Structure formats: C-alpha cells, structure tokens
Amino acid sequence: MKLLLKHCDILAGDGEGYRYLADAYLSIDGSVIDYIGTEPPKAAYDREKDMTGKMLVPGLINCHGHTAMTLLRGVGSDLPLQEWLFEKMMPIEDQFTKEDIRIGNRLALLEMISTGTTSYSDMYFHTDTAVENAVEAGIKANLCRPSQCFDKNETYEQNTRAKESIDLFKRCNGMAEGRILIDFAIHAEYTNFPHIVEAYSADCKALGGRMHIHLSETKKEHEECIAKYGKTPAQWFNDLGTFDSPTFAAHCVWVTEEDMALMLEKGVSPVHNPTSNMKLGSGFAPIPRMLELGLNVALGTDGAASNNNLNMMEEMHLAAVLHNGFTHDPTLMKPAQVLNMATRNGARLQGRNDTGVLEVGKKADIIAIDLNRPHLCPNVDPLALMTYSAQGSDVVMTMVDGRILYENGEFLTLDADRILHDARACVARLYR
C-alpha cells in the first residue's frame, strides 16, 4: 500500500544532523519512505492522511530494559542497587510464572508504543513470550535471554541459561521480516564466572551475534571486580572475548578513561540510563566524554522497577540537562546529540541500519507529535522542542514499517483493556 502523510512538519535527516520542513509531505511505499519534500508528490496513493498540526520525527529506540518488570513498578524504592536487586526484586521475580512475564511484557508494550518507542532491546527470561508479543504488536524488538551462573562448579555444558539463549537465537533471529532480532546477553560480571562467560562469548562470536551486558553500573560492582580479578569489568569482559562481538553495555557509570578507550577500540556501544542511575544513586555516567571520544552512545529506560516508567521522552530530557548541571556547562549536551542517542545511535547498536532517521529509502518507523499543546508553542527550535519540551503523552501516532500501531489514544494491534485487566490480576496475586 502507498500512503501519503500531508501538511505535516517533518524533522528529516540531513547527514548526521537534521533539517526541518514545514507544511511538507512524506510518502510511504509498503514499509519504506519513498518521498520527503515541501511540494506535493505526483504519484498516486492508496490512502492520504492530513497531518496538519503534527510534527513527524523518527521513532524512538529504547536500548535497554527488562519489560516484564512493569509488574514490579514501585517496589523497593529508595534502596541501593544491590539491596534493591537481591532483597526486593529477585524474591518477587522468583514467583513469576511464564504467563506473568508475558503479561508484564504486554503492559510494557502499551506504555512504550503510546509514548513513541518503535524498537526496543530487552533482557529477560521466558523470552519466547516477548517474541510472540512483539510479533502481534508490530513493534521491533532486540530480545535476549541472559546468561548467568551462581555455582562456580557448574560447567558450561550444564548451564541451561546459555543453552536457552543459543536455542532462542537459532529459532527466532530475523523473524517477522526482520522485526525480531535475537541478541546474546551476559547479565553482569557479578552474576557469572569466567569460564561461563568465555565459552558463551565464543559461541556468540561463532554464530555472528550481538552481545547485551550490564557494565560498571555501581561503584561497588566496579571495585569488587577489581578486587577479585585485578581488572575492571570492561577489561574482564574484553579478556574473556565478550567484546569480540558487537556489544552494547548498559549503564557504564563507573568506567575509566582506559575502559572508554578500550570500548572505542572494540566498538562497544554504551547505553545511558539516566533516570535509573539517578533513582538508584548509582552516579553520573561520563556521557559527554564518551561522545567526545566518538563512542556510539544510545539511550534506554532500564526496567520500570528502577525508573519507574518506560517513557523515552523523559530519558531524552534528563540526558540533556543532567550533564550540563553536573559540569556547570549549559553548552555541553546538544539537542541533536540527544535525539541521535534516542534514534540513530540506537538503530546502529541494534544492527538496524535501515531505520533511526526520516530519509528516503529508510523504513517508515515514524511518530507524530501533536504541536497543538500549550507547552509546544512556540516551535522556534524543533530540536530543542523535542529535547526539553515534548512529553510522551504528546505522541498521537506510532508507526512501524509503515503500519500504524497507535493513533489518537487507540491501540490498533493490542487489546489495551484486556492487558490492563490481566496485569491487575497478576499484581493482586503477587502482592496478596
């Protein structure tokens, strides 16, 4: 089907930057953008949509999270990460059934799609449920079942988590015309042993996979790794072969200058999670320095238990202002950089080079922002508007591969009432 979006403002790609078109046209042939301009295209279209008062921007890409943890939203607030994780999160997660995880993921999809996320990366177990949900919802997803080991005497051959991860990769990678990608994942240094990580990393490389990890999220994690192994977590992972595959690393709050140089050399992409890092008191990731070095920095929300939402607009805003305030330099984080972190850089990290920007030939992963909101007037600087003013609730259309998933408060691929009903039933059982 050929679709024309007309009389819209468009934040289109321009090299690594952006150009703003007012009262413009964007057309889609199937799943691909085939025209952007201020003059009406001459081709015939199966459908035309008047988008007056709307601004089209690239769909947002959430590069780190644990979506089923929507069912843990609000639990264990005001605790440091290790206590929060081991004393509050894990005891409840141990009660999760496969169906709970399916429902928690579906609740997360409602939240992400309605606030402009068109692709996301997720690390959790019973990952088949997330695959099925993403296919149904129409969203793009990089999914992984993380490898962990809590018994130093367990062999790699005995590690069921690694087996499940590799099986998932072989069965599901590339499903739904490439919307579903399966990544490898190592939860963290402190939830693994070297012999497991080394063997699993070798399998990832042999199979041509990408690796998703947590890295130096807290000072405690970082310093305990040095005490145990005489090296930082980044050096530990590298020496075990993890960085020999395309790797993206969540948090990176306590990485050193040497770590960042190593990550640049090996092509590791950091994923900034500003809200989670602030809420858990983990610290300030050196994002400005990473950008200065040329690292491919992306953005993520982390799970709803440590955020407590999955709103990428909020992450953009906080990423923009947080580091300016910390360094006392209001010029440090540019709006275009922040939007790139939430779009282009995330697409590169996910291995999706056909999206992340509104350009002819790219996939039609598009969101529409309603400019008829008091806090979006005047629109004198669209990039600043997106970074400092726009809210997730301003999204009035979310499209993936040319298919509209959400429009004007209505979910077109998911039964929102049923999902909310099921989620409340899960919560009632888990917290009775």
Side-chain angles (χ1 to χ4, degrees), residues 3 5-12 18 20 24 26 28 33 49-63 65 67 70 106-120 134 137-141 275 299-301 304 307-320 335 338-344 346-347 355-358 362-377 379 382-414 416 419-420:
L3 170 66
L5 305 177
K6 59 185 183 181
H7 303 306
C8 44
D9 291 2
I10 304 173
L11 197 54
Y18 297 89
Y20 194 69
L26 184 150
I28 301 159
I33 299 169
K49 283 179 65 68
D50 190 325
M51 303 294 287
T52 301
K54 311 299 189 298
M55 177 172 67
L56 304 186
V57 299
L60 306 179
I61 301 176
N62 184 349
C63 287
T67 50
T70 52
R106 287 168 70 83
L107 181 63
L109 293 180
L110 291 182
E111 187 175 354
M112 290 190 291
I113 290 169
S114 65
T115 54
T117 292
T118 54
S119 186
Y120 77 104
I139 197 170
K140 292 180 176 174
T275 300
L299 267 182
T301 59
N307 187 300
N308 285 12
N309 62 47
L310 306 179
N311 180 2
M312 282 289 287
M313 297 281 194
E314 191 171 284
E315 299 308 307
M316 289 172 59
H317 180 93
L318 193 54
V338 175
L339 184 57
N340 281 345
M341 288 164 62
T343 55
R344 280 188 173 99
T355 188
V357 63
L358 302 188
K362 297 288 188 179
K363 291 287 189 177
D365 298 339
I366 303 168
I367 61 175
I369 305 296
D370 185 0
L371 295 175
N372 295 307
R373 306 287 172 92
H375 59 279
L376 299 182
C377 180
N379 181 15
L383 286 168
L385 193 82
M386 276 296 298
T387 305
Y388 300 117
S389 302
Q391 306 293 319
S393 56
D394 298 328
V395 175
V396 292
M397 185 190 76
T398 301
M399 171 187 287
V400 175
D401 283 354
R403 180 189 184 191
I404 298 174
L405 310 185
Y406 171 84
E407 190 170 26
N408 298 322
E410 181 182 359
F411 293 91
L412 304 180
T413 59
L414 294 170
I419 292 169
L420 288 167

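Keep in mind it's a predicted model, so treat the numbers as computed, not measured.
- Looking at heavy atoms from C-beta onward, Glu407 lies out of side-chain contact with Val396 at the 4.5 angstrom threshold.
- Residues Leu56 and Ala368 come closest through the heavy atom pair CD2-CB, 3.8 Å.
- In terms of heavy atoms, Pro335 sits closest to Leu383 at CB-O, 3.6 Å.
- Smallest separation of non-hydrogen atoms from Cys63 and Gly346: SG-CA, 3.4 Å.
- When side chains are defined from C-beta on, Lys363 counts as touching Lys140, because their heavy atoms get closer than 4.5 Å.
- Put simply, CE on Met112 and CG on Leu405 are 11.5 Å apart, with the number rounded to the nearest 0.5 Å.
- For Leu299 against Ala319, the heavy-atom pair with the smallest separation is CD2-CB, 4.1 Å.
- Partners of Asn62 under the side chain to side chain donor-acceptor pair (under 3.5 Å) rule, at least two apart in sequence or in another chain, are Thr301.
- Using the six-membered ring where Trp is involved, Phe411 and Tyr406 have ring planes that are tilted, between 30° and 60° apart.
- Shown here are the side chain to side chain donor-acceptor pair (under 3.5 Å) partners of Asn340, two or more places apart in sequence or in another chain: Tyr18, Arg344.
- Nearest approach of Val400 to Gly138, heavy atoms of both residues: CG1-O, 3.3 Å.
- Checked by atom type, the side-chain pair Thr70/Glu111 shows no donor-acceptor distance below 3.5 Å.
- No side-chain heavy atom of Leu310 sits less than 4.5 Å from a side-chain heavy atom of Thr115.
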- [ ] Kindly indicate, with the supporting measurements, whether the criterion side chain to side chain contact (heavy atoms under 4.5 Å, CB included) is fulfilled by Leu376 and Ile369.
- [x] CA-CA 10 Å; Leu376 299 182; Ile369 305 296; 3.8 Å; yes
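- Once rounded to the nearest 0.5 Å, the distance linking CD1 of Ile33 with CG of Leu5 reads 9.0 Å.
- For Glu314, the salt bridge (charged side-chain N to carboxylate O under 4.0 Å, His left out) test picks out no residue, with sequence neighbours left out.
- A heavy-atom distance below 4.5 Å is found between the side chains of Leu385 and Leu371.
- In this structure, the separation between CD1 on Ile28 and NZ on Lys362 is 15.5 Å, given to the nearest 0.5 Å.
- A distance of 8.5 Å separates CG in Leu3 from CD1 in Ile366, rounded to the nearest 0.5 Å.
- The side chain to side chain donor-acceptor pair (under 3.5 Å) check on Gln391 picks up nothing, with sequence neighbours excluded.
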Task: side chain to side chain contact (heavy atoms under 4.5 Å, CB included) assessment of Ile404 paired with Lys49 - done: CA-CA 12 Å; Ile404 298 174; Lys49 283 179 65 68; 4.0 Å; yes
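- Counting only heavy atoms from C-beta outward, the side chains of Leu60 and Met316 approach each other to under 4.5 Å.
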TODO: Could you walk me through whether Met397 and Ile367 pass side chain to side chain contact (heavy atoms under 4.5 Å, CB included), step by step?
DONE: CA-CA 5 Å; Met397 185 190 76; Ile367 61 175; over 6 Å; no
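- Here NZ of Lys6 is found 8.5 Å from OG1 of Thr52. Values are rounded to the nearest 0.5 Å.
- Side-chain contact between His317 and Thr387: absent, with no pair of heavy atoms (C-beta onward) separated by less than 4.5 Å.
- Asn372 meets the side chain to side chain contact (heavy atoms under 4.5 Å, CB included) test with Asp370; sequence neighbours excluded.
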Open item on the list: For Ile139 and Tyr120: C-alpha separation, side-chain torsions, deciding distance, then whether side chain to side chain contact (heavy atoms under 4.5 Å, CB included) applies.
Closed with: CA-CA 8 Å; Ile139 197 170; Tyr120 77 104; 4.0 Å; yes
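- Residues Leu318 and Met313 have side chains not in contact (no heavy-atom distance under 4.5 Å, counting atoms from C-beta outward).
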- [ ] Give the C-alpha distance, both sets of side-chain angles, the deciding distance and a yes or no for salt bridge (charged side-chain N to carboxylate O under 4.0 Å, His left out) between Asp394 and Arg373.
- [x] CA-CA 8 Å; Asp394 298 328; Arg373 306 287 172 92; 3.0 Å; yes
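- One distance of note links OG1 of Thr413 with CD1 of Ile113; it measures 5.0 Å at 0.5 Å rounding.
- Checked against side chain to side chain donor-acceptor pair (under 3.5 Å), Thr355 has the following partners two or more places apart in sequence or in another chain: Asp365.
- When every heavy atom of Pro382 is checked against every heavy atom of Met55, the shortest pair comes out as CB-SD, 4.3 Å.
- Using a 4.5 Å heavy-atom threshold, the side chains of Leu339 and Leu11 count as touching.
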